[in-house]
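Quick note: numbers below take in every heavy atom, side chains included, and nothing from hydrogens, waters or symmetry partners.
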Amino acid sequence: MKIFGLSAKERIKKKKEFELLYTKGKTIYSASQKLKAIYYINSIGQVGVKVAFVVSRKSGKAVWRNRLKRLLRESFRLNKAILKSMCEEKKINLLLIISSNTLNQKNNKKIKLWDIMPEVLDLMNQIKLRI
RNA sequence: GAAUCAUGUUGGGCAGUUGCUCUCUGAUUUUUAUGAAAUCAGGGGGAGGAAAGUCCGAACACCACAGAACAGGGUGCCGGGUAACGCCCGGGGGCCUGAAGACGUAAGUCUCAGGUUACGGAAAGUGCCACAGAAAAAAUACCGCCCUGUUAUAACAGGGUAAGGGUGAAAAGGCGAGGUAAGAGCUCACCGCUCCGAUAGUAAUAUCGGAGGUCUCGUGAUGAACGAGAUCCUGCAAAAUUGCAGGACAAGGCAAACCCCACCCGGUGCAAGGUCAAGCAGAAGGCCUCCCUUUUAACAGGGAAAGGGUUGUUCGCCCUAAGUGCCUUCGGGUAGACCGCUGGACCACGAUAGUAAUAUCGUGGCUAGAUAAAUAACUGCCACCCGCUCUAUGGCGGGUACAGAAUUCGGCUUAUAGACAUGAUUCAUCA
RNA sequence: GCGGGCGUAACUCAGUUGGUAGAGUAGUAGCUUCCCAAGCUAAAUGUCGCGGGUUCGAGUCCCGUCGCCCGCU
């Protein structure tokens with residue numbers, strides 16, 4: 001398994017998993033309110049982290065939404081070791097959605113990786129403390 | 001050389017690191033084993049001119065369907081192109097702009113160049129045209145003009161009149177002459193309009209020509225107008241001199257009001273549709289052992305065997321038996337998976353036909369296929385633009401558009417930084 | 001992907017054979033009251049989402065465009 005990789009097994013793809021998260025998951029927000037995260041600790045599945053990135057249709061046009069999702073994924077991919085080691089220690093299955101909250105195309109037309117990375121790290125550290 | 005406009009092409013490049021997706025090759029592991037899955041390594045492919053809006057047209061799929069008509073919807077100068085179109089090309093008419101040329105004192109007209117155009121029918125019928133105005137459509141007399149009558153020559157009454165005034169977006173062809181009581185296509189010339197004929201053209205359309213004369217009678221205050229008749233003219237029919245028809249100023253605008261005419265259209269859309277198929281529910285069938293004790297039998301007790309689980313094997317241990325039981329088969333089919341899914345009205349170049357759109361032929365090429373949805377992130381260098389600074393072939397900072405495939409094509413519309421090419425116009429400089 | 005609807009005053013909505021755009025609430029000014037509320041009176045408020053076209057004249061008819069909402073799975 002690659003250290004910085006993010007293969008299809010590590011992403012949420014099934015509709016049932018999304019429904020589980022949206023009905024039973026807990027929501028937390030980043031410090032600047034720009035991003036939010038929904039997480040759920042599943043006792044049944046395999047040990048590890050499964051993640052998805054969601055950007056609302058109202059926040060911008062397709063090009064902008066794609067770029068934000070790619071930047072979110074990049075930020076998670078480079079830092080996923082933080083959560084992965086925790087989950088392997090405690091032997092739990094963590095489902096996670098990282099989503100945009102107040103961030104939209106009108107606020108930041110040009111977004112860069114260094115705008116997104118600290119927000120994602122903040123969210124991941126919050127989850128780490130709560131596990 | 002610069003600016004503007006139009007049309008067309010293009011839509012930053014190179015290298016490194018870390019990733020995603022499809023595909024090919026190889027290795028390892030697992031397994032229900034010539035197969036499949038997972039992981040790793042290597043090679044190759046990986047957004048657009050609009051992928052967008054979803055406004056049209058098709059392919060393809062399913063449903064419906066003998067055929068025709070109605071309803072409903074769409075299109076609308078003419079010809080061509082196309083699989084088809086509301087698209088494209090060419091031509092015609094209208095409108096606008098320009099000024100090169102011709103005519104003219106000028107206004108302007110003609111020619112030319114460019115742009116633009118939802119451009120069938122108002123003489124099938126219905127409807128609408130606010131306010132103003134006398135009157136808004138087979139009409140009408142407010143002011144004015146003219147005639148007649150009454151009387152106290154200034155008014156009233158009756159009538160004629162659409163030339164002038166006034167109203168309005170629009171007032172019943174324009175202009176001049178004749179004519180008249182005053183006027184009027186009332187008549188005439190020219191222009192315009194409509195119809196007919198000829199010529200050119202496939203056609204829209206363009207050009208040219210033509211669209212009666214004389215006389216009599218009646219109604220009418222004159223004039224006009226209307227009606228009737230005779231003769232000549234043109235065409236047709238009969239047939240040997242007869243019959244019929246024609247000879248016009250008629251017709252304001254609106255059909256993106258209803259409508260009429262011509263042509264076209266069955267409906268739904270890849271979330272179409274198809275294949276496999278857990279689980280749950282349903283139907284059919286089968287299995288649930290043997291021995292001993294006791295008993296009518298069942299139950300119960302003991303033993304043996306069977307099936308499953310436990311750590312790779314054996315032993316051992318645990319669970320199982322007439323009910324929420326187990327097994328097999330069947331049809332429909334949910335979750336899910338797979339197919340549809342990318343080689344096609346394809347792309348590039350060349351030749352031929354055509355004014356062109358386009359078509360045909362030849363050669364070469366294969367160019368995304370995801371599905372909570374890949375095609376990316378970061379760094380460095382270069383290219384272009386802007387700002388600041390200065391040691392001026394430099395340094396620093398910032399910027400490089402619009403925008404992301406989702407069954408696939410043909411168009412249209414809209415968004416768009418910059419670069420390049422061609423053409424037109426204007427300006428400047430030089431010869 | 002496909003289909004349907006709506007944009008009018010600060011807010012909620014009317015607006016039909018196309019003819020100067022209204023109602024309620026809110027706000028403003030005045031009257032009333034010792035003061036406030038309620039009540040009465042008056043005036044003001046609109047690029048009818050935007051851009052074209054048809055028409056003498058478009059909120060209304062036609063075309064394009066922008067924004068918002070809803071349904072189908």
Side-chain angles (χ1 to χ4, degrees):
Chain A
M1 189 87 60
K2 295 177 186 175
I3 302 168
F4 296 112
L6 193 68
S7 63
K9 277 196 164 185
E10 295 176 85
R11 300 197 298 262
I12 301 175
K13 294 208 156 198
K14 297 197 173 180
K15 199 173 179 181
K16 284 191 175 177
E17 291 178 315
F18 276 97
E19 284 171 359
L20 186 71
L21 268 164
Y22 279 121
T23 53
K24 294 189 174 175
K26 293 183 178 175
T27 308
I28 57 171
Y29 296 93
S30 68
S32 61
Q33 298 281 322
K34 281 184 180 174
L35 301 179
K36 67 179 176 184
I38 303 170
Y39 71 97
Y40 179 70
I41 296 164
N42 197 355
S43 52
I44 303 166
Q46 281 190 324
V47 172
V49 184
K50 290 186 87 172
V51 70
F53 305 94
V54 173
V55 179
S56 164
R57 198 174 175 180
K58 291 180 182 176
S59 56
K61 297 198 172 183
V63 171
W64 189 90
R65 295 201 307 268
N66 276 343
R67 183 174 168 81
L68 180 60
K69 279 200 278 187
R70 283 164 183 157
L71 290 175
L72 289 173
R73 191 175 57 206
E74 197 73 5
S75 307
F76 181 83
R77 185 173 68 80
L78 296 172
N79 297 293
K80 71 169 185 177
I82 298 172
L83 288 175
K84 203 185 172 190
S85 56
M86 283 291 292
C87 290
E88 280 171 356
E89 273 180 33
K90 301 200 173 184
K91 303 213 172 182
I92 52 171
N93 176 289
L94 179 70
L95 295 179
L96 176 66
I97 290 177
I98 296 175
S99 174
S100 65
N101 190 30
T102 60
L103 197 66
N104 59 31
Q105 193 172 8
K106 289 180 181 175
N107 291 342
N108 302 48
K109 198 175 181 190
K110 302 274 173 190
I111 44 176
K112 296 214 158 194
L113 185 63
W114 307 118
D115 301 333
I116 300 301
M117 188 93 89
E119 306 276 335
V120 177
L121 275 173
D122 179 40
L123 284 171
M124 288 169 77
N125 284 323
Q126 284 188 46
I127 291 168
K128 190 180 173 184
L129 288 174
R130 292 184 187 213
I131 285 176

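- Ranked by how close their nearest RNA chain B nucleotide is to the 5' end, A:R73 and A:I12 are led by A:I12.
- Atom C1' of B:A278 sits at a distance of 15 Å from the matching atom of B:C338, rounded to the whole Å.
- Remark: B:A69 base-pairs with no nucleotide; criterion is Watson-Crick or G-U wobble with both hydrogen-bond distances under 3.5 Å.
- In this entry B:U414 has no Watson-Crick or G-U wobble partner, no candidate having both defining distances under 3.5 Å.
- Pairing for C:C31 is with C:G39, a Watson-Crick or G-U wobble pair whose two hydrogen-bonding atom distances lie under 3.5 Å.
- C:C69 atom P lies 11 Å from atom CZ of A:R57, rounded to whole Å.
- Within the 4.0 Å cut-off from OP1 or OP2 of B:U371, at least one side-chain nitrogen or oxygen of A:K13 is found.
- Spacing between atom NZ of A:K15 and atom P of B:U334 amounts to 15 Å, rounded to whole angstrom units.
- Nucleotides B:A162 and B:A250 place their P atoms 13 Å apart, quoted to the nearest Å.
- The nearest whole Å value for the distance from the CG atom in A:L71 to the C1' atom in B:G404 is 15 Å.
- Within the shown strands, nothing qualifies as a pairing partner of B:A405 under the Watson-Crick or G-U definition with both distances less than 3.5 Å.
- Atoms CZ and CZ, on A:F53 and A:R73 in that order, are 7.5 Å from each other to the nearest 0.5 Å.
- Once rounded to the nearest 0.5 Å, the distance linking CG of A:L71 with CG of A:D115 reads 8.5 Å.
- With B:U21, C:C69, B:A335 as the candidates, the nucleotide lying closest to the side chain of A:K58 is C:C69.
- Nucleotides B:A372 and B:G308 have their P atoms positioned 41 Å apart, rounded to a whole Å.
- OP1 or OP2 of B:A403 has at least one side-chain nitrogen or oxygen of A:K61 nearer than 4.0 Å.
- A:K16 and A:E19 are not joined by a salt bridge, as no carboxylate oxygen comes within less than 4.0 angstrom of a charged side-chain nitrogen.
- Summarising the geometry, the separation between CG on A:L113 and C1' on B:A376 is reported as 11 Å, rounded to the nearest angstrom.
- Glycosidic conformation of B:G35 is anti; the angle lies outside 90° of 0.
- With both ends at atom P, the span from C:G67 to B:A403 equals 10 Å, rounded to whole Å.
- Regarding contacts with the backbone of B:C20, every side-chain N or O of A:R77 stays at 4.0 angstrom or more from both OP1 and OP2.
- With a glycosidic angle more than 90° from 0, C:G18 adopts the anti conformation.
- Backbone-only contact: A:A62 has heavy atoms under 4.0 Å from sugar-phosphate atoms and none from a base.
- Going from atom CG of A:N66 over to atom C1' of B:G46 covers 15 Å, rounded to whole Å.
- The CG atom of A:L68 sits 7.0 Å away from atom OG of A:S59, with the distance rounded to the nearest 0.5 Å.
- With a glycosidic angle more than 90° from 0, B:U54 adopts the anti conformation.
- Taking syn as a glycosidic angle within 90° of 0, B:U324 does not qualify and is anti.
- Shown here, B:U234 forms a base pair with B:A245; the pair counts as Watson-Crick or G-U wobble because both key distances fall under 3.5 Å.
- The C1' atoms of B:G325 and B:C288 are separated by 9 Å, rounded to the nearest whole Å.
- Applying the Watson-Crick and G-U wobble criteria (two distances, each under 3.5 Å), B:G269 pairs with B:C60.
- Side chains of A:E10 and A:V49 form no contact here, defined as non-hydrogen atoms less than 4.5 Å apart.
- Pair assignment for B:G133 gives none, since no Watson-Crick or G-U wobble pairing has each distance under 3.5 Å.
- The same atom, P, is picked in C:U45 and in C:A23; the two are 14 Å apart, to the nearest Å.
- The gap from the P atom of B:C208 to that of B:A238 amounts to 39 Å, rounded to the nearest Å.
- Aromatic stacking is not marked for A:F4 over B:G19, as the cut-offs of 5.5 Å for the centres and 30° for the planes do not both hold.
- The 5' end of RNA chain B is approached more closely, in terms of each residue's nearest nucleotide, by A:E19 than by the other of A:W64 and A:E19.
- A:D122 contributes no side-chain N or O that, together with a main-chain N or O of A:P118, makes up a donor-acceptor pair within less than 3.5 Å.
- A:R65 comes within 4.0 angstrom of no nucleic acid atom, judged by non-hydrogen atoms across all strands.
- Between the A:S99 side chain and the A:V54 main chain, a donor and an acceptor come within less than 3.5 Å of each other.
- The gap from the C1' atom of B:G411 to that of B:G49 amounts to 14 Å, rounded to the nearest Å.
- The glycosidic torsion of B:A47 lies within 90° of 0, placing the base in the syn range.
- The separation between A:L78 atom CG and B:U17 atom P is 16 Å, rounded to whole Å.
- The distance between atom CZ of A:R70 and atom C1' of B:A376, rounded to the nearest whole Å, is 6 Å.
- Remark: C:U12 base-pairs with C:A23. Criterion, Watson-Crick or G-U wobble with two distances under 3.5 Å.
- Taking atom NZ on A:K69 and atom P on B:U21, their separation rounds to 15 Å, with Å as the unit.
- Atom CG in A:L20 sits 14.5 Å away from atom NZ in A:K15 (nearest 0.5 Å).
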